[in-house]
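Data first, discussion second: the structure below is written as structure tokens.
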Amino acid sequence: MFCIKVEGLAFKYKGGFGLGKVSLRFCESEITAILGPNGAGKTTFLKCLARILKPLEGVVYIGNKELWSLSLNEVAKSIGFSEVEVPQGFNVKVVDFISTSRYPHMRTFWETENDVKQIIESIKRLKLESLSQRKLEELSSGEFQRVIIAKILAKNPKILLLDEPTLHLDIKYQLEILKTISEITKEKKLVTIITLHDLKLASLFADKVVLLKNGKVVAFGKPNEVLTPENIERVYEVKVKVIRDKEAGMIITPLIK
Amino acid sequence: MSPIKANLAIIIAALVLGLILGASLTYFAVPLKEGTTTTLTTTITLKQTPSTIIKTKTVLATTTIKPEYPITIVDALGRIVVIKEEPKRIVTLSPAITEDVFALGLGKYVVGVDSFSNYPPEVVKLKKEGRIADVGGYWQPDLEKIVELNPDLILADAGAHAKLREKFMELGLTVVYIKGGSASSLEDILSDLGLIAQIFHVEEKAEEVSKELLAQIQDVEEKLARANATKAKVLVLLGPPSWGYWSAGSGTFINYVINVAGGVNIAAKYHGWVKLSLEDIVSENPDVIIVSLMASSEEAKKVIENIMSSELASTNAVKKGNVFVLINEANDVLMRPGPRIVEASKIMAQILHSEVFGEISRNDVIKLSPTLSHNTYVGESIAIA
Amino acid sequence: MYNLKHYFKSKKKKFFITLSLLIISLVFTLIISLSVGSLSISIDKVFLALTGSLQDKRLSHIILDIRLSRTLASIFIGASLAVSGVLIQSVTRNALAEPFLLGLSSGALAFMALAVLIIPSAILSIHYMSAIAFIGALAAFALTLMLSEAVGGSATSLILAGIAVTSGFSGISSLLAFIVQAKLNRPFLILLLGSLAQILKAQVIMLASVFTVGFIASIALAKRLNAIMFGDEQSLQLGYNPRTTRLISSLLAALLTSVSVAVAGIIGFIGLVVPHIARLLIGNDNRFVIPLSALLGSIVLCLSDISVRLASEGLAIGEIPVGAVTSALGAPFFAYLLMAKVKS
């Protein structure tokens with residue numbers, strides 16, 4: 001089984017914040033949600049996995065190869081990373097933006113039939129057909145979010161690292177995106193790691209959950225094991241009540257009184 | 001290799017590549033050493049003494065013993081040029097050169113001149129009749145027109161046209177450079193005449209012309225010496241003051257003219273063509289200001305008025321009303337390092353020393369009103385006997 | 001999906017059609033350039049001359065030895081400057097960038113002034129001055145690059161480093177030029193205004209070879225450039241190191257521009273404006289933009305040179321440097337670009 005192994009990962013920004021030693025395992029066909037308050041290190045951790053930040057200590061294994069021993073091209077083919085910041089760009093059409101995702105795979109100068117197929121599939125998957133000819137600058141943030149996901153999918157990576165993929169989306173699209181991600185993860189046996197703010201969504205879609213606070217792993221495991229009121233209070237410093245409902249699954253609500 | 005080292009390596013590789021490319025350019029370069037070393041300002045240093053005439057005679061005399069053609073000459077850029085047979089189609093690229101050629105009686109061979117050439121008058125006539133072509137401006141001669149004329153000799157100015165050398169060679173045209181604008185005295189101009197004469201074996205005519213010109217210069221100098229004239233401090237401006245105070249320093253033929261005419265060039269402490277500062281001029285305090293430019297007489301008067309009311313008002317020249325503007329022919333003769341430099345010297349001598357030569361009254365020398373006692377200069381004086 | 005598949009095919013089709021049209025235009029422009037001048041030569045004579053069968057040797061001489069060099073030079077320089085413009089704009093992600101941002105022109109000027117001061121006779125040789133200008137431009141670029149890399153190698157640092165180096169060398173060359181001016185008979189600056197008047201065949205060969213190398217390399221980089229346009233992070237996502245892309249691209253741009261400066265002085269605005277026109281025609285994909293820019297650049301410069309020659313004929317004031325024309329024409333276009341940018 002294909003897995004990502006993180007051993008003793010530590011990172012520090014110049015300002016002092018960072019990650020303490022983290023050791024975790026993420027395997028295929030599973031979605032892992034990384035949760036934690038602002039500044040806990042969720043994005044930092046993701047970027048370390050995506051080979052964007054170089055860790056101070058520790059190793060990341062992709063399968064049985066070290067992350068930093070891979071070439072940029074191999075990393076590009078294997079890992080799909082999305083972040084919150086909007087990429088700049090000239091006036092580009094959605095379909096052209098998504099098309100560039102095929103570059104890591106393209107040995108030819110022009111896109112092959114297969115490349116075109118992948119691009120079209122990912123557009124369909126994210127229901128972007130009607131938007132495909134629009135310019136990036138014209139999209140709403142929600143639409144743009146979907147385009148980013150479609151772009152990553154077109155790359156056909158083995159690993160998905162998505163930073164706040166549901167930001168800016170209304171509830172309908174939040175659910176749709178997570179559903180799509182879930183389907184693809186299972187279908188293509190991907191390793192999917194996403195950072196989320198919303199505990200509810202995590203409980204609905206994640207197979208595993210990581211709770212981070214101040215750069216350290218507080219808990220790791222299945223949602224209903226990890227998302228206990230004690231853990232949540234420890235990490236988020238809020239009191240919550242966790243209810244299990246037959247229909248709705250896990251309901252987590254804050255206790256304001 | 002760490003990224004920084006890799007990048008440094010690429011930068012160094014780029015520089016090396018650039019150096020190699022640059023060096024290979026010089027491989028293509030037509031060697032400057034076509035002959036001897038080149039300097040732009042070689043001057044034949046003949047002293048201005050009566051014995052000059054004899055000296056020139058001897059120099060020219062030795063070359064007439066050679067066979068007719070082909071003939072090898074060394075031009076003003078130090079290039080060795082082989083003239084295979086007598087040139088019959090000449091193109092001249094500056095007005096001074098045109099005048100040189102006609103002065104030597106070679107006008108019949110001229111098929112093309114630059115657009116400023118207008119002397120002797122037959123040049124204008126022949127241009128109008130289309131018997132002589134206009135090959136364009138002094139700074140940018142039209143190569144196509146030149147090629148069209150199929151000349152067998154191009155006479156060019158070492159200063160202005162040197163960079164066309166390689167293109168001329170590529171086009172297979174024979175070009176001989178004369179000192180022209182880099183002449184620093186009459187002697188240089190005479191050596192230009194001598195060079196051209198050499199090509200056509202008309203050294204005797206050159207001698208004749210040289211003798212005549214030297215004699216006229218001597219005449220002016222003798223008259224000045226006899227009258228014990230006090231030297232005047234002169235500022236020559238090569239354009240209106242609005243262009244800046246451009247003047248001619250030492251080593252220029254204009255400097256020579258000033259000296260011959262009994263003046264002291266306030267720009268002489270600099271070498272070559274120079275832009276003077278206002279401070280310079282005011283501190284030197286010239287007695288006479290002469291502006292040489294292309295303009296109408298109305299425009300010339302305006303220039304004088306400008307000067308009189310400008311920051312130059314504190315100079316002796318303005319105070320005494322000794323501001324002159326040379327236009328048309330007077331301007332031409334001063335600006336062209338050709339045979340008429342002698343005319344220029346006479347004009348300037350008359351301007352500076354009307355007490356010796358009489359008041360100047362040419363319609364191409366503009367002054368505002370009759371000056372008072374403009375021959376009483378405060379400044380350097382030769383010992384009055 | 002039907003219309004999406006169609007989209008990819010139609011993009012390529014559009015490109016090839018535009019390419020063909022531009023190639024035809026270029027050929028036309030070339031022929032016109034050979035027939036225009038102080039002597040109007042008819043088109044059929046031009047063709048005869050090109051095939052070596054023109055009887056009139058003088059005309060043949062003019063066409064092949066003067067006009068052809070000049071025309072080819074304008075074509076290769078226009079193409080080189082346009083391609084280097086594309087490279088710089090992509091790599092700095094700035095639509096208002098142009099190759100001279102890198103400090104090339106002031107470097108060339110400074111070195112030329114220095115050379116003339118040290119060896120006054122150097123100004124006599126076009127070859128020496130070309131070589132010196134080339135080396136000067138590259139030296140300035142190397143400095144810019146080192147400065148940029150030292151502070152992170154991002155798009156912004158490249159621009160800022162270029163500005164710093166340009167100012168530095170400008171200062172030096174102004175000082176030197178002032179001294180040089182006193183020694184020469186004419187303003188030194190005229191050397192740098194961009195004129196194609198006396199191109200030598202050897203220079204044309206050099207232009208052609210550098211352009212060919214630069215063009216092929218740029219095409220090879222096209223996908224990288226597409227990637228970097230979306231940001232350094234996106235570039236990494238696609239497997240390309242943005243700093244390497246920036247390094248190689250600016251190096252190519254510098255080479256292409258330096259050789260143009262060396263031969264013809266500074267010709268502005270081609271590098272700025274032509275890529276924009278290409279993008280208007282064909283979108284932002286550099287695989288299309290680079291070849292089209294090359295063609296457009298050569299057509300634009302060749303036409304500018306033709307108009308310079310025609311105007312000089314009519315005005316009879318000696319030849320206007322073509323750099324002045326491109327700058328004059330480019331200014332209104334540039335103003336339009338600025339306004340469009342500000343509006344959006």
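Chain A is the first sequence line, chain B the second, and so forth, proteins listed ahead of strands; every chain is numbered from 1.
For chain C, the nearby part of Ser132(A) is the side chain; its heavy atoms alone come within less than 4.5 Å. Lys77(A) does not touch chain C: none of its heavy atoms, backbone or side chain, sits under 4.5 Å away. Contact annotation for Gln133(A): only side-chain heavy atoms (C-beta onward) come within less than 4.5 Å of a heavy atom of chain C. Looking at Ser82(A), there are no atoms closer than 4.5 Å to chain C (heavy atoms on both sides), in backbone or side chain. Proximity to chain C is absent for every atom of Ile152(A), based on heavy atoms less than 4.5 angstrom apart. Looking at Lys117(A), there are no atoms closer than 4.5 Å to chain C (heavy atoms on both sides), in backbone or side chain.
The neighbour count for Arg287(C) CZ, taken as heavy atoms of other residues, nucleotides or ligands under 6.0 Å away, is above 12. Within a 6.0 Å radius of NZ in Lys186(A), other residues, nucleotides and ligands contribute more than 12 heavy atoms.
Scored by the salt bridge (Lys or Arg N to Asp or Glu O under 4.0 Å) test, Asp115(A) finds Arg102(A) as partners (sequence neighbours excluded).
The pair Glu187(A)-Arg125(A) counts as a salt bridge, with a side-chain nitrogen and a carboxylate oxygen less than 4.0 angstrom apart. Remark: Glu149(C) engages Arg243(C) in a salt bridge, criterion side-chain N to carboxylate O under 4.0 Å.
Of the listed residues (Glu74(A), Lys151(A), His105(A), Glu121(A)), the greatest number of heavy-atom pairs within a distance under 4.5 Å of chain C belongs to Lys151(A).
Between Trp110(A) and Tyr103(A), the gap from one ring centroid to the other reaches at least 6.0 Å.
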